[in-house]
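Both backbone and side-chain heavy atoms feed into the values below; hydrogens, waters and symmetry mates do not.
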Amino acid sequence: MAATEKDDVKLHMLAEDQQDNIHLDETAPNGFEDEVKPTAVTAIKASGGNADVQDKSAQGRNMYFKDGKRRIDYVLAWELDDDDDKHKNRNIKAREIFEKNLREEGLQLEEDLTVSKDEEADFMKVHAPYEVLTRYAEILKLKMPVKKNLVLDKIQMKYSQLENPMKSVSTKLWTKVTGIAKRIYTPFQLNEDQVPHIKRRFTLVYSRDKEYLFDIPEDRDTFFDNATRSRIVNFILRRKSFSTDKNDAYSFGINKMINDNIYTAAYSLHEGHWKPGSAPNERKLLFDHWGNWRNMFKVQPLEHVRNYFGAKIGIYFTWLGFYTMMLIPASIVGLVVFIYGIAVAPDSYPAKEICDPKNNFTMCPLCDFQCPYWNLYESCSNAIASRMFDNGGTVFFAIFMSFWGTLFLEFWKRRQASMQYKWDLLDYVREEQPPRPEYLARLENCTHYRLHPITGLKEPHLPFWTKRVPIFLMSYSIMFFLGFLAIAAVFGVIAYRVSVLAALQVLTKDRPTSTNSSLVATTTATIYENASLVTTVTAACINLLIIIILNMIYSRLAFWLTDLECLRTQKEYDDSITLKLFALQFVNYYSSIIYIAFFKGRIIGRPGKYTTMFGARQEECAAGGCLIELCIQLAIIMTGKQLFVNNFTELVLPKLIKMIKRCLSKETKAEKASRASYEKDYKLEAAQTTSLFYEYLEMVLQFGFLTIFVAAFPLGPLFSLINNIIEIRMDSSKMITHLRRPLADRSPDIGIWYSVLYGISRIAIISNAFIIALTSDYIPRMVYLNSYSKDDSLKGYLNHTMSYFNTSDFEADHRPTYAGSEHIQICRYRDFRNPPWSENAYEFSQLYWHILAARFVFVVVFQNVIVFITGLIAWLIPDVPAQLKVQIRREAYISNEIIIKTELLRAQGKSPEEGEAAIEAISDVGLQYQQDDTGSAKLMFRKSPGNSPEREEENIV
């Protein structure tokens, strides 16, 4: 068929669909009012194919069967088979059996076959009638909105009268404070005229026997929203068989069919287009006010997100938004600590003494043979930079972030409880999951079977000792090897640092002095004076590159290892891959940082007796200490990973791929405009079940950077805040514009990630205690200040931390060999050892043991005090707000009252809408509460006609 003929066929098919839709109700499917609709063919012809008329017309995208009445709830797609006839016939037969079973279940199907071989796929549209939806709503125990009748009004009115009219001073003060906070918060709120607020409606578990309780509109098909409809249809699709063989008990479910390539996709439709000029719809509303960059500082429309994408995705974005909001106070405090460090760094005595050329400290060489002796004042800039982060504010910030981590987790539990109540997730029960299609495929030829204790089905089974144990041993052995690979990469970077630092130190002997090479001389001098900084920055960048490469390897191998384990359900598979990837990523991202924080410069030995590894000296900390190196390493890895690597892969790369596909595509604009909605959605990327997993993993690793090593990098929360603001818009835009509509799944919480976050917060307390005690100079400074200083200042502290070494004690293999080195008799090095003229030369001095004891005491006190206080905070803050507990109990009571009173009226042949007399008959539950003069509510027994006032007074509880 020629292209023009094909276009005409498409145009007329689209015109027929749109003309059918014109004769629907006055209310459009997406809830927006219809306007006068032009003839479809005329509009398409007039546009010349330059715009998608179907999306940009006032009526909006066609979401219905050809009759214009039945909504498309789900779409099944399969590509044209290029396989041999055997596989082609097998797939056709499987689809026929599956579709027959769907029709028997009550679903209605409409096939859309290609009119040309140029088309990519055939489609089967699925519609769930009202009877099917109600049947499965009852099976799934879905909560649906209750009819707003006089019974509910009267009961709620009674509760509203129980509000305490007398406000205490603390309540009034809290109201004023929250009022100020709301006014500050106002510029960040969405315009309710553009994004209408979705009020929570009173709901009950749906029952067909009590359908009269529910608010069912005249058009009954609109009773269930689109997300609920697609979830019910998906529930049916996952349980229908595609084989007539009774012995083949596991040839069922849409997931198994997609895995066997019988279908290539199964998805629900997006509700319109997101581009400017499209007809108003929920998808466009979300893009304009959630995924659009101009609203990056606005709050998220979480109710709309939940309604469109489901509670599982809604919970993720709620958590991400809450986490981002909690970063605001941490960012402010971190910025203040950083500014404080900048202010005090130049005036600190250690930095002043290092930068003073009069303090002629000749330092021992940093490497053997070629490295020269050097003057300490040459590391002035490094010392000042180190003091910016190594000061008293560091300790305060570490304590603050320990409390912050606990408060974040505790307040999140309260926020989560509120969202569970709003989204009817309090009574969520996870359904029994069927075996994974991949699990059944791998065990297709298995000879071992056993009955599943829950379902009672006979399932293939892997023997534990002979099959599972060897697989798990191999899997975790490979994991340990991969972990050691990351550690080996760290040793490689260490070797780079040692060699480059030695090479830069050698430059001092050959500095050009000629005026003809003044630029070269200046550059060489600058590099030499900042050799440690240059080495640290370049090593951190190389380490980041290695981390990115290993990250790609780890991701593939983690999935391969988990597939080998043959896990039965999707939850078991998700938990296993979570454990593997988080463990591997933890080692990959944190190993180099842990080395600098806790091991670098600890076991190097001393001049004349250095500890060597593979014949080479270990690297030392710079003159300003290891904390500045830890800060640089953390800043480059953290910001490089988040602001550049993640944002490039999530924002830039998809756009590049899309642009390349558009350039390579031979499809004309007219052909693109004539495509049906399900064809356009099929072109989008499939929403993977692991998509949220990677988003959680990224944020959890960020949380680890913030809490475990926060003492070294107070600007970490600020960079994370900036990254998360961008992350929210990138994730939302990706879900709206690049992915097919995900299944509106339900989940009451963030799952195993909360336990991971809690574990990280506990590790962070220990980590920060050791960073302050070992990596920073805070404890040595405090010991000197309180025990050795003559004027209660840090004057003389630098000389106090420097030990003496007689250069004649160098071993022949390690003695400097450059010209002039023989004139140096004494050099200094950072350590607490006896001088060469003492009786116990080069042994640890008394000061060393004093500082070591102080460090040990600090770690013990810091850890135990912080653990005790954070535990007390967690105990004092209830997981569920007290008002929410009351509201939950109140709602349970109202539910019972509605059912009891409505059933009574039906038994009496009455209706709640019959008048005031009926209302009084229904709502006279009895005077259960009575307010005294102070406004307090006293609980009473129910009234009884025979009770006297004296008797009623006795009934007060």
Check whether any side-chain heavy atom of [X] sits under 4.5 Å from a side-chain heavy atom of [Y], and report yes or no.
X: Leu409; Y: Leu757; result: yes
X: Arg855; Y: Leu774; result: yes
X: Thr707; Y: Phe703; result: yes
X: Glu410; Y: Asp879; result: yes
X: Gln300; Y: Val305; result: no
X: Arg781; Y: Asp390; result: yes
X: Ser776; Y: Ile771; result: no
X: Pro714; Y: Met401; result: no

Would you say the ring centers of [X] and [Y] fall short of 6.0 Å from each other?
X: Phe309; Y: His304; result: no
X: Phe713; Y: Phe705; result: no
X: Tyr595; Y: Phe599; result: no
X: Tyr323; Y: Trp412; result: no
X: Phe322; Y: Phe411; result: no

I'd like to know if the side chain of [X] and the backbone of [Y] have a donor-acceptor N/O pair within less than 3.5 Å.
X: Ser733; Y: Met730; value: no
X: Asn768; Y: Ala711; value: yes
X: Ser732; Y: Arg729; value: yes
X: Ser789; Y: Leu785; value: no
X: Thr394; Y: Phe389; value: yes
X: Ser331; Y: Pro717; value: yes
X: Arg890; Y: Leu884; value: no
X: Ser348; Y: Ala345; value: yes
X: Trp404; Y: Met326; value: yes
X: Thr775; Y: Ala597; value: yes

Phe598/Ser767 under side-chain contact (heavy atoms from CB on, under 4.5 Å): CA gap, chis, key distance, verdict: CA-CA 9 Å; Phe598 304 123; Ser767 171; 3.7 Å; yes
Check against side-chain contact (heavy atoms from CB on, under 4.5 Å), Phe396 and Val333: CA-CA 10 Å; Phe396 165 76; Val333 175; 3.8 Å; yes
Ring-face cation of Arg200 near Tyr421 (centre distance under 6.0 Å, axis angle within 45°): yes
Using a cut-off of 6.0 Å, state whether more than 12 heavy atoms not belonging to [X] lie near its atom [atom1].
X: Lys312; atom1: NZ; value: no
X: Phe480; atom1: CZ; value: no
X: Tyr754; atom1: OH; value: yes
X: Phe856; atom1: CZ; value: no
X: Lys422; atom1: NZ; value: no
X: Trp875; atom1: CH2; value: no

Is a salt bridge present between [X] and [Y], judged by a nitrogen-to-oxygen distance below 4.0 Å?
X: Asp749; Y: Lys413; answer: no
X: Glu727; Y: Lys734; answer: no
X: Arg387; Y: Asp777; answer: yes

Heavy-atom pair with the smallest gap, counting every atom of [X] and [Y]:
X: Leu579; Y: Tyr476; value: CD2-OH, 3.7 Å
X: Asn723; Y: Met699; value: ND2-CE, 4.0 Å
X: Leu584; Y: Ala558; value: CD1-CB, 4.4 Å
X: Arg306; Y: Trp423; value: NH2-O, 3.4 Å

side-chain contact (heavy atoms from CB on, under 4.5 Å) between Leu581 and Phe586, worked out: CA-CA 8 Å; Leu581 265 181; Phe586 188 94; over 6 Å; no
Verify the distance criterion only: is there a donor paired with an acceptor across the side chains of [X] and [Y] at less than 3.5 Å?
X: Ser592; Y: Gln633; result: yes
X: Gln702; Y: Asn724; result: yes
X: Thr406; Y: Arg762; result: yes
X: Tyr778; Y: Asn391; result: no

Nearest-0.5 Å distance that lies between atom OH in Tyr590 and atom CG in Leu701: 5.0 Å
Distance in Å, Ile725 CD1 paired with Ile328 CD1, rounded so as to fall on 0.5 Å steps: 7.0 Å
His850 vs Tyr788, side chain to side chain donor-acceptor pair (under 3.5 Å): CA-CA, chis, key distance, verdict: CA-CA 11 Å; His850 188 176; Tyr788 297 93; 3.0 Å; yes
Chi angles and distances behind the side chain to side chain donor-acceptor pair (under 3.5 Å) call for Gln416, Trp319: CA-CA 8 Å; Gln416 181 176 266; Trp319 175 82; over 6 Å; no
Derivation and outcome, side-chain contact (heavy atoms from CB on, under 4.5 Å), residues Ile760 and Phe582: CA-CA 12 Å; Ile760 290 175; Phe582 177 74; 3.9 Å; yes
Mutual orientation of the aromatic rings belonging to Trp290 and Phe317 [parallel < 30°, tilted 30-60°, perpendicular > 60°]: perpendicular
